[in-house]
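A quick write-up on the structure given underneath.
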Amino acid sequence: APAADSCSAEMNRARIVKLTASLVLCAFAVFLVALLIRAHTFQPGSWQLRDCLPNNRTLAANFTPEERDELLSVFKGAIQLPTVSTSYSELNITALKSFTDYLPKAFPGVFSSDLVRHEIIANYSHLFTVRGSDPGLRPYFLTAHLDVVPVAEEEWDFPPFSGEESDGYLYGRGTLDDKQSVVAILQGLELLLRRGYRPRRSFYIGLGHDEEVGGYNGAKSIAAELQSRGVKPSFLLDEGSVILDGIISGLQKSAAVIATSEKGFATISLSVTTTTGHASIPPRETSIGILAEAVSRLEKNPMPRMFGRGPERAMIEHLTTEMTFPMKFIMANLWLFSSSVGRYMEQKPATNSLVRTTTTVTQFHAGIKDNVNPPSARALVDVRLHPAHTLKQLLSQIDATVADTRVKVEVINFSPSPPMSSYDETSFGYQLIRTTVVETFPDVAVAPGFCIGITDSRHYQNLTKELYRFSPARLNQEDLARIHGPNERIAVKNYEEIVQFFFLLIQNADFCFLSSADSISLDM
Ligand SMILES: N[C@@H](Cc1ccccc1)C(=O)O
Ligand SMILES: CCCCCC(=O)O
Ligand SMILES: [Zn+2]
Ligand SMILES: [Zn+2]
């Protein structure tokens with residue numbers, strides 16, 4: 001009997017295990033089907049339901065062959081002026097002055113129009129006020145910067161300020177960052193005025209001369225000037241994001257990412273002070289050795305992944321509908337997969353910058369002589385904070401990673417990530433830019449996102465909260481390294497498209513309305 005009892009108990013146990021296993025499998029299958037249905041039916045929020053409706057605009061962006069030659073040579077002329085910013089106090093003043101002299105020659109229609117007022121701000125920046133015929137429409141603000149970063153000439157295939165053309169590309173420092181915007185904005189206006197077009201909505205054009213060293217004289221002065229005049233633009237469009245070709249895996253189209261925010265920025269100093277002495281009697285550890293180890297720990301221990309906690313979530317949600325499986329399945333279920341997506345994206349430097357705060361040790365100064373023990377060592381760390389990462393969290397993370405009280409940690413400067421701008425159906429600026437992107441580039445998907453670089457737009461937060469960072473330059477993975485790097489270049493065709501973009505944007509701003517089932521409302 002006991003044997004029979006134990007046998008039936010065994011059978012019961014086996015039956016329970018089998019039942020549990022099939023229940024778990026069943027639940028898992030249902031769960032999987034639910035994920036698949038969500039992926040298949042996933043629609044981002046209602047923000048895409050309404051469109052800007054351009055109406056009775058008369059001018060299509062068709063330029064004559066002569067105009068296309070002209071706009072290219074005007075752009076080349078701007079590239080050939082080496083407006084390099086090296087540091088706050090090291091600017092190429094000669095080139096900045098030449099740039100000022102160049103503008104009226106390049107854009108005679110703009111400078112002779114009675115609709116346009118040109119002012120020089122902070123010696124080398126420029127502010128254009130374009131008066132619209134309908135003062136009831138709120139103005140907007142287009143901005144860009146005319147300065148560029150230095151070059152390592154030996155790394156270039158063509159001289160970086162030559163404006164050489166090769167294989168349909170124009171090579172030069174500033175072709176992507178950011179002279180393409182500076183020249184295309186003015187060129188778009190020039191071609192409109194030449195056709196007798198009169199803008200209805202006033203707008204401002206601000207061209208900063210020191211963005212690459214913080215914009216503390218250029219953009220900051222333009223912002224102060226506009227604020228003193230009580231100017232409240234409905235939105236601002238600056239550089240900062242682009243059209244990404246093939247960079248986001250699983251995406252069937254190129255993605256025009258309109259950045260509604262940008263990372264925060266900090267310069268952190270790490271320093272160690274010891275004493276000098278004869279190098280023949282070295283201490284066990286010098287200030288250089290102590291700091292080098294701390295820096296190495298910082299490099300080997302990246303900041304925590306924060307993917308999905310900032311504006312990048314909206315970007316992915318907007319792009320999910322354009323993705324192929326399995327990416328579509330994963331991105332439509334970020335609530336479940338965000339940490340694995342973060343692990344996937346951190347593999348490439350460009351997408352890693354979207355996932356976390358990045359720290360780059362950019363300078364290391366130490367030692368006074370080859371036979372003297374180094375009295376101090378100092379490293380500067382360029383930090384780009386993820387929008388969801390606070391300075392307080394960053395500093396405690398750095399302290400924990402450096403983990404050496406001999407290393408002094410100081411914040412040299414800090415600029416927080418600006419609040420996210422709107423991108424829903426009530427967002428005039430976003431919808432205007434999105435509509436113009438789709439008109440100029442019918443093949444691209446559009447999404448909000450954030451800029452991994454820091455832009456002049458942060459100086460204009462007192463004028464408007466609606467700050468958008470986007471230039472319609474088409475970049476693939478390889479092109480990202482050209483920004484601030486060697487062989488910066490833009491396809492001639494793409495530059496023409498950027499002129500078309502601004503040519504259309506100015507008109508759309510005049511004739512574009514936010515529509516909804518119930519009413520047409522004029523953006524005031
Ligand atoms: N815009 C440049 C230069 C810059 C850095 C930091 C602050 C302001 C400007 C960058 O993002 O690197
Ligand atoms: C294209 C991104 C630009 C970021 C700001 C700058 O480097 O000018
Ligand atoms: Zn720039
Ligand atoms: Zn730059």
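Just so we're clear, the structure is a prediction, and the values are computed from it rather than from any experiment. Order of appearance sets the numbers: ligands from 1, and atoms from 1 within every ligand.
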TODO: Mind telling me whether Tyr102 and Phe99 have parallel, tilted or perpendicular rings, with 30° and 60° as the class edges?
DONE: tilted
TODO: Write the atom name of the N, O or S atom in Asp177 that is nearest the Zn ion (ligand 4).
DONE: OD2
Open item on the list: Considering non-hydrogen atoms of the protein only, which is the closest contact for atom 5 (C) of ligand 2, and what is the distance?
Closed with: Ile454 O, 3.1 Å
Open item on the list: Please determine whether a side-chain nitrogen of the Lys or Arg among Arg138 and Glu466 lies less than 4.0 Å from a carboxylate oxygen of the Asp or Glu.
Closed with: no
- [ ] Anything under 30° is parallel, anything over 60° is perpendicular, the rest tilted; go ahead and classify Phe428 against Phe235.
- [x] perpendicular
Task: Those atoms of ligand 2 less than 4.0 Å from some heavy atom in His145 - done: 8 (O)
- [ ] Decide, yes or no, whether a salt bridge links Arg68 with Glu496 under the criterion of side-chain N to carboxylate O below 4.0 Å.
- [x] yes
- [ ] Among all protein heavy atoms, pick the one closest to atom 7 (O) of ligand 2 and tell me residue, atom and distance.
- [x] His484 NE2, 3.0 Å
Open item on the list: Among Glu225, His126, His209, Lys220, which residue satisfies the side-chain contact (heavy atoms from CB on, under 4.5 Å) criterion with Ile121?
Closed with: Glu225
Open item on the list: Nearest 10°: the angle subtended at the Zn ion (ligand 3) by His145 NE2 and Glu239 OE2?
Closed with: 90°
TODO: Among all protein heavy atoms, pick out the one at the shortest distance from atom 1 (C) of ligand 2; state its residue, atom name and that distance to 0.1 Å.
DONE: Ile483 CD1, 4.0 Å
Task: Protein heavy-atom partner closest to atom 2 (C) of ligand 2 - residue, atom, separation in Å - done: Gly240 O, 3.9 Å
TODO: Using a strict 4.0 Å cut-off to heavy atoms of Glu211, name the atoms of ligand 2 that fall inside it.
DONE: 5 (C), 6 (C), 8 (O)
Task: Check ion pair Arg474-Asp443 (N to O, under 4.0 angstrom) - done: yes
Task: Metal site angle (apex the Zn ion (ligand 4)), NE2 from His484 and OE1 from Glu212, 10 degrees - done: 90°
- [ ] Just need the protein heavy atom nearest to atom 3 (C) of ligand 2, so name the residue and atom and give the distance.
- [x] Glu239 OE1, 3.6 Å
- [ ] Compute the shortest N/O to N/O distance between Glu212 and ligand 2 and return yes if it is under 3.5 Å, no if not.
- [x] yes
Open item on the list: Distance alone, cut at 3.5 Å: any donor-acceptor contact between the side chains of Lys263 and Ser353?
Closed with: no
Open item on the list: Going by salt bridge (charged side-chain N to carboxylate O under 4.0 Å, His left out), Glu488 matches just one of Lys179, Arg482, Arg173. Which one?
Closed with: Arg173
